[in-house]
2 protein chains.
Amino acid sequence: MPLHPGDPGCICYRLRQTARLISRTYDHFLAPVGISIGQFGILATLAAMQGSSISELADVLQMERTTLTRNLLPLKKLGYIEIEEGDDKRAKSLCLTRAGEKTLSDARPLWHAAQQSVEQQLGKAEVQSLSKTLDGAMDRLSASAVKAVP
Amino acid sequence: MPLHPGDPGCICYRLRQTARLISRTYDHFLAPVGISIGQFGILATLAAMQGSSISELADVLQMERTTLTRNLLPLKKLGYIEIEEGDDKRAKSLCLTRAGEKTLSDARPLWHAAQQSVEQQLGKAEVQSLSKTLDGAMDRLSASAVKAVP
DNA sequence: TGGACATACGTGTAATTACACGCATACAAT
DNA sequence: ATTGTATGCGTGTAATTACACGTATGTCCA
């Protein structure tokens, strides 16, 4: 039983390490368009659900609402998204601007290149396995209340 | 070919999502001793390599050196680590204090509980598969230069 | 109608991450 | 010894993450 995260024993730490490493790779590929993989994810997801609220988007992204709020600010400052009042005055309606769509479509090929680079470095089979396992993990984790604390 | 990270297509985004979710779980478990899973990882790894430099520790943790520098500050403020001058006056020597060791040993059972909770939620097989795949990924990624940018 | 409750959101605070840049120290070659 | 180069670190800046708390709006029932 491994007792420190340098060991492969701590799944959490391994996940964080790998996420850091892979994120850096994607960020480098995306650098020419000036957005990060996190921002790309937000833009790409929003593109598929225009007009949704912050909470709805956060739910899909599996992100803390307040985290998303903070992450939206740079995108707004860049003019890539708009945050309007909704019918329900509590909620806000998010949508991509023209500039946002432009940047997103510029970023897509770079994202694809990053994806392919990672696949090439890790091996197709490894990536398939990783994807499959992570999908399963997300399913079960979002099903069960994560807050199940002792 | 999936085109946005809400899809399972982007390995990077899936990794980040899962890392966020699992980190939150570990953080909740570790809350009673007042440290995060990131801090636990640093303390536990440092415990196994007392006296090493910042760069060496960062290398093992697969963390940016400057990121680690920032992450060490709260631990120093809490009195869990000490940062001394080394023989080589450029380098600094890191070590756990008594308080650090105490907190670490208090945290270990909580970490173990988190580990078990995650295993129970995800299923033993899923966790094994995840661990194995992530280990392989880390091996290959740290072997190949991550900075292989177009 | 009024109050209880739920929903949607922002902010304060603080940790985590990383790039660009600059400084000091060590070492090697001339 | 001087000059260059490599190594080890810190800081400025900015994005990412999340908890606790507070505010405003909507809903529902007594």
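Fair warning: this is a prediction, and the values are worked out from it, not measured in the lab. Labels below follow one simple rule: chain letters A, B, ... track the order of the sequence lines, proteins then strands, and each chain is numbered from 1.
- Under the 4.5 Å side-chain criterion, counting only non-hydrogen atoms from C-beta, B/R20 is not in contact with A/T67.
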Starting from the C-alpha separation in whole Å, work towards a yes-or-no answer on side chain to side chain contact (heavy atoms under 4.5 Å, CB included) for B/S131 and A/R14. CA-CA 8 Å; B/S131 281; A/R14 260 285 183 270; over 6 Å; no
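- When all heavy atoms are compared, the tightest approach of A/L21 to B/Q62 is CD1-OE1, 3.8 Å.
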B/S/- along nucleotides 12-19 of chain D (protein heavy atoms under 4.0 Å) is BB-SSBBB
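- Atom CG in B/D88 sits about 8 Å away from atom P in D/dC9, given to the nearest Å.
- In this structure, the separation between CG on B/L122 and OG1 on B/T25 is 9.0 Å, given to the nearest 0.5 Å.
- Between the P atom of D/dT25 and the CG atom of A/D87 lies a distance of 15 Å, rounded to the nearest Å.
- At D/dC9, none of the side-chain N or O atoms of B/T69 fall inside 4.0 Å of OP1 or OP2 (strictly under the cut-off).
- For the pair A/K92 NZ and D/dT23 P, the computed distance is 16 Å after rounding to whole Å.
- At a threshold of 4.5 Å between non-hydrogen side-chain atoms, the residues B/I35 and B/Y80 count as touching.
- Between the side chain of B/R90 and the base of D/dG10, no donor-acceptor pair of N or O atoms lies under 3.5 Å.
- Contact between the side-chain N/O atoms of A/K89 and the OP1/OP2 oxygens of C/dC9 is not found at any separation under 4.0 Å.
- Checked by atom type, the side-chain pair A/S105/A/E101 shows no donor-acceptor distance below 3.5 Å.
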